[in-house]
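Computed from a predicted structure; not experimentally measured. Below, chains carry the letters A, B, ... as their sequence lines are ordered, and counting in each starts from 1.
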Amino acid sequence: MARSRVLGADIDAAGGGSGARGILACACAGPGSPRASAAGAAAWNPRCLGLSCRAFPRAAAGTTNLTDRIAKDRLEKLEALRAKGVPPYPARVPSPEPIAGCLAGFEARIGQTVTVAGRLTQVRDFGKLRFSHLLDRSASIQVGFQRDRLPGFWEDRRLVEANDHVVVTGELGRTQKGEPTVWATQVVLASKTLRHAPEKWHGLQDVETRYRMRYVDLFTNPDVRKVFVTRARVLDTVRAFFNGHGYVEVETPILQSIFGGATARPFKTHHNALDMELYLRIAPELYLKRLLVGGLERVYEIGRVFRNEGISPRHNPEFTMLESYEAYADYRTIMARVEGLFALLCERVLGGNTVVRFRGREYDLRPPFRKVRYLDLFAEHNGGLDFFDARAVRARAADLGLASAGLPDEKVANDVFEATCEKTLDGPVFVHDYPVAICPLAKAADHDPRIAERFELFVAGMEVGNAFSELNDPVDQERRFRAQLEHHDEESPSELDVDYVTALEYGMPPAGGLGIGMDRLTMLLTDSASIRDVVFFPLLRRVAAPDVGLETAGDPGTQAPAGG
RNA sequence: GGGGGCGUAGCUCAGCGGUAGAGCAGCGGCCUUUUAAGCCGUUGGUCGUAGGUUCGACCCCUACCGCCCUCACCA
């Protein structure tokens, strides 16, 4: 049985440590083991002057190892740990229980021995005592290290420091001030950290660093973790809602040879083996409606879509969209669905609250929501102007300073709408019955061919949802596609989606469809001002990487074969 | 793409045409109930990058890089 040297005392490593004190060492590579020797055989890195810093095999003379750039005292500690036979990155450690579980019903558990694990924060030395907080996914608890209970650990306590991951076994108790505390009887280093933690009080504030190094942002700023947990809860609730109404969750192609289902510029890519141009989808819509033709009747997809357009606090080039389609329903059914969804979100995400704060204002998300017709809104904010009076609308656009030359009438009119109406839509409010000309995939109302059965949900002036009675007339659909092709631009497909029209020719049941931006919905429910605050890794410009002494990495799309 | 702002130690931030500063973190010392612990001492900088003006530039000017806000496009 392997025995490893432990800080201050020898213990039976594989035996796990009942009664063992100090840092537990696993029975894996110590400094004398073959594996450790292999690593140690590499050149000593000249940049670690004076340090007992074992260079990585890759770091030949003249090159800079990435880890050479970091605080030398941490590297010194790392090597000191190895020299003492304490693996800084052990393969396995004792299994912990969640800290939140220790804190629940704490009084009754005082005196019990628990094993908890996490990242050490805010180490406080106090003579022959040392306190720290231990943070795991569930909560944070104080750990007390006492010299007299941890003689082996105490001598080398400084080798384990703030930001390291540790597993602590100890007795639950309180301090004189009443703070719940694990009084450690055994400390196992789980993972040595080579970087300093950000400032303990202010955390990581620099916005750019927070986005680029979200991993630091997450363990440093509790509110950020909360936002992303809420985001997961939102997605979970959306799934629960649609599953509860008999919908089936599906996945459709992201790589599409013809893009459609929205008006947006796509990203282009290329498949090598097929030598085929492809687009990253701007919407899953046309594939989901093919599934209606296929008889699935109620489908939804929550997935990433990609739009090659500007970036703003409300726009990320990739974002997560919910789209749902329900056969034998129309946009009124879907309006009721949206209200039902928001009721469930209030219940499950907001814990029964219905009022959210967003950008300094409050919004009551309790359904039913206000409903207003597009054309009424248009007239109201433009002195009674008729949307379909092209000449008057163009004059109004000119008054507003909007460019209209060369644009179709309905586009100009919609620009006027957006300029004059959208900002007034505090909401939540459904705007419904849109001009059909700006809705190429929506069905016209039976009573008025100029009106599309469509609504959008606005909250805080932000478009959150979009729905309509789906166009299922193949002849009409082909005509509208052809009209799009006539004034073709980068936002429209350059060819007719023949297969989609064919699918409609096989018969799509009348259906109501819905799209909701999951990122914006999360923004609303977490009071996040920017979409970048609800996306883990928002797209940023690439910055020059530090010189790591390697040959130029090839184009990832045409990388060299693995063997060569 | 236009306009405005920002970039100084690992982190949070001061600074000023005349030798680069503080707090936290780190390192050394004291303290067995601290908790933004405290006290004493101390290490740490290509002031985003490159030019220019100047006797002298972190500071003034120009260009570039990156981020934020805003307008335009969009969800």
Side-chain angles (χ1 to χ4, degrees), chain A residues 69-77 121-133 140-150 154 158 161-163 173-181 183 193-213 216-217 220-221 261-266 282-283 305-323 401-403 411 414-415 418-419 422 456-458 461-466 489-491 515-521 523 529-533 538 540-544:
Chain A
R69 299 171 182 280
I70 61 190
K72 68 177 183 182
D73 54 276
R74 295 244 169 192
L75 286 175
E76 287 173 330
K77 288 171 185 170
T121 58
Q122 300 177 24
V123 175
R124 297 177 292 277
D125 266 319
F126 196 93
K128 291 165 187 62
L129 262 179
R130 165 173 264 219
F131 294 102
S132 181
H133 267 82
S140 170
I141 194 170
Q142 177 166 269
V143 178
F145 307 94
Q146 295 157 295
R147 185 194 63 177
D148 296 342
R149 278 180 112 164
L150 295 162
W154 194 256
R158 288 191 178 83
E161 60 196 320
N163 225 11
R174 286 190 189 273
T175 61
Q176 287 179 359
K177 296 272 174 65
E179 175 85 11
T181 302
W183 294 105
T193 295
L194 295 182
R195 301 258 186 181
H196 292 302
E199 217 263 357
K200 65 185 175 188
W201 187 241
H202 299 95
L204 182 64
Q205 296 292 326
D206 183 81
V207 173
E208 183 177 355
T209 310
R210 287 183 44 228
Y211 295 159
R212 288 191 192 277
M213 306 176 82
V216 180
D217 190 30
T220 302
N221 298 323
T263 309
R265 280 195 291 176
I282 58 172
V305 299
F306 307 84
R307 299 189 181 177
N308 202 343
E309 293 173 342
I311 295 175
S312 84
R314 289 180 181 78
H315 301 86
N316 195 54
E318 52 179 306
F319 64 101
T320 302
M321 175 97 101
L322 159 82
E323 285 200 12
L402 300 172
K411 169 75 173 152
N414 193 46
D415 286 349
E418 289 178 358
E422 278 201 357
E456 292 192 284
L457 174 63
F458 288 88
M462 186 165 72
E463 187 189 334
V464 172
N466 182 19
D489 54 24
E490 283 179 305
E491 294 185 343
I516 294 181
M518 291 291 101
D519 313 271
R520 288 184 174 181
L521 182 59
M523 287 168 65
S530 171
I531 193 170
R532 294 179 210 106
D533 293 321
L540 298 176
R541 278 184 198 276
R542 188 175 174 175
V543 291

Exercise for the section: Provide, to the nearest angstrom, the distance between the CG atom belonging to A/Asn221 and the C1' atom belonging to B/C11. Expected result: 11 Å
Exercise for the section: Looking at every strand, decide which applies to A/Thr263 at a 4.0 Å heavy-atom threshold: base, sugar-phosphate, or nothing. Expected result: sugar-phosphate
Exercise for the section: Return no unless some side-chain N or O of A/Arg124 is found under 4.0 Å from OP1 or OP2 of B/A37. Expected result: yes
Exercise for the section: Would you classify A/Trp183 as touching base, sugar-phosphate or nothing, given that sugar-phosphate means primed atoms plus P, OP1 and OP2, and contacts are heavy atoms under 4.0 Å? Expected result: base
Exercise for the section: Would you classify A/Gly203 as touching base, sugar-phosphate or nothing, given that sugar-phosphate means primed atoms plus P, OP1 and OP2, and contacts are heavy atoms under 4.0 Å? Expected result: sugar-phosphate
Handout entry: P gap between B/C71 and B/A20, integer Å
Key = 42 Å
Handout entry: Inter-nucleotide C1' distance (B/G29, B/G21), Å rounded
Key = 25 Å
Exercise for the section: Would you give the length of the straight line joining atom NZ of A/Lys77 to atom CG of A/Leu194, rounded to the nearest 0.5 angstrom? Expected result: 11.0 Å
Handout entry: Closest contact, heavy atoms only, A/Pro198 versus A/Thr220
Key = CG-OG1, 3.5 Å
Exercise for the section: May I have the distance from A/Leu194 (atom CG) to B/A25 (atom P), rounded to whole angstrom? Expected result: 20 Å
Exercise for the section: Measure from CG on A/Asp206 to C1' on B/C11 and round the result to the nearest Å. Expected result: 10 Å
Problem - A/Arg541 side-chain N/O to B/C67 phosphate OP1/OP2 under 4.0 Å - result: yes
Handout entry: Given B/C31, B/C69, B/A36, the nucleotide with the shortest approach to the side chain of A/Trp201
Key = B/A36
Practice task
Please determine, for the side chain of A/Glu161, which listed nucleotide (B/C27, B/U35, B/C67) has the closest atom?
Solution key: B/C27
Exercise for the section: For B/C24, take OP1 and OP2 only and decide whether either is under 4.0 Å from a side-chain N or O of A/Lys200. Expected result: no
Practice task
Assign A/Arg212 to base, sugar-phosphate, or nothing according to its heavy-atom contacts below 4.0 angstrom with the strands shown.
Solution key: sugar-phosphate
Problem - Interatomic distance where CG belongs to A/Asp125 and P belongs to B/U34 [whole Å] - result: 15 Å
Exercise for the section: Select base, sugar-phosphate, or nothing to describe what A/Arg158 touches, counting heavy atoms under 4.0 Å on all strands. Expected result: sugar-phosphate
Exercise for the section: Please evaluate the base of B/U35 for a donor-acceptor partner in the side chain of A/Glu179 within a cut-off of under 3.5 Å? Expected result: yes
Problem - P gap between B/G44 and B/G4, integer Å - result: 41 Å
Completion exercise
Residue pair A/Arg314/A/Tyr211 against RNA chain B: nearer the 5' end by closest nucleotide is A/Tyr211
Exercise for the section: Considering only atom P, compute the distance from B/C31 to B/G17 and round it to an integer number of Å. Expected result: 48 Å
Exercise for the section: Quickly work out the A/Ile516 CD1 to B/A75 C1' distance and round it to whole Å. Expected result: 12 Å
Problem - Distance-only donor-acceptor check, side chains A/His202 and A/Gln205, under 3.5 Å - result: no
Handout entry: Nearest-Å distance for atom pair CZ/P, residues A/Arg307 and B/A75
Key = 6 Å
Exercise for the section: Report yes if a side-chain nitrogen or oxygen of A/Gln205 is closer than 4.0 Å to either non-bridging phosphate oxygen (OP1 or OP2) of B/C11; otherwise report no. Expected result: no
Practice task
Assign A/Leu540 to base, sugar-phosphate, or nothing according to its heavy-atom contacts below 4.0 angstrom with the strands shown.
Solution key: sugar-phosphate
Handout entry: Interatomic distance where CZ belongs to A/Phe126 and P belongs to B/C30 [whole Å]
Key = 14 Å
Completion exercise
Scanning both residues in full, the closest heavy-atom pair of A/Ser132 with A/Val123 reads OG-CG2, 3.7 Å
Completion exercise
Testing B/C11, B/C27, B/U33 for proximity to the side chain of A/Asp73, the answer is B/C27
Practice task
Would you mind classifying the nucleic acid contact of A/Asn308 as base, sugar-phosphate or nothing, using non-hydrogen atoms under 4.0 angstrom?
Solution key: nothing
Handout entry: Between B/C58 and B/U53 - P atom distance, rounded Å
Key = 15 Å
Handout entry: For the student: nearest non-hydrogen atoms of A/Asn466 and A/Glu463, plus distance
Key = CB-OE2, 3.7 Å
Exercise for the section: List the atom of A/Gly144, the atom of A/Thr181, and the distance in Å for their closest heavy-atom pair. Expected result: N-CG2, 3.5 Å
Practice task
With the side chain counted from C-beta on, respond yes when A/Val543 and A/Arg212 share a heavy-atom pair under 4.5 Å apart, and no when they do not.
Solution key: yes
Exercise for the section: For B/C64, give its Watson-Crick or G-U wobble partner with both distances under 3.5 Å, or none. Expected result: B/G48
Practice task
Write down the distance separating the C1' atoms in B/A57 and B/G51, rounded off to the nearest Å.
Solution key: 13 Å
Problem - C1' spacing across the pair B/G45 / B/G10, given as an integer number of angstrom - result: 12 Å
Practice task
For A/Phe319, answer base if it contacts any base atom (sugar-phosphate contacts may also be present), sugar-phosphate if it contacts only those atoms, and nothing otherwise; contact means non-hydrogen atoms under 4.0 Å.
Solution key: base
Problem - Nearest to side-chain heavy atoms of A/Val207, which nucleotide of B/U70, B/C68, B/U12 - result: B/C68
Practice task
From the options B/G66, B/U70, B/U33, select the nucleotide whose nearest atom is closest to the side chain of A/Glu208.
Solution key: B/G66
Practice task
Whole angstrom is fine here: how far is it from CZ in A/Phe131 over to P in B/A37?
Solution key: 12 Å
Practice task
Determine the interatomic distance between C1' on B/U8 and the same-named atom on B/C13; round to the nearest Å.
Solution key: 9 Å
Practice task
Classify the nucleic acid contact of A/Arg532 as base, sugar-phosphate or nothing, counting any heavy atom under 4.0 Å across all strands shown.
Solution key: sugar-phosphate
Exercise for the section: Determine, for A/Arg74 against A/Glu161, whether the closest basic-nitrogen to carboxylate-oxygen distance falls under 4.0 angstrom. Expected result: yes
Practice task
Scan every strand shown for a Watson-Crick or G-U wobble partner of B/G26, both distances under 3.5 Å, and answer none if you come up empty.
Solution key: B/U42
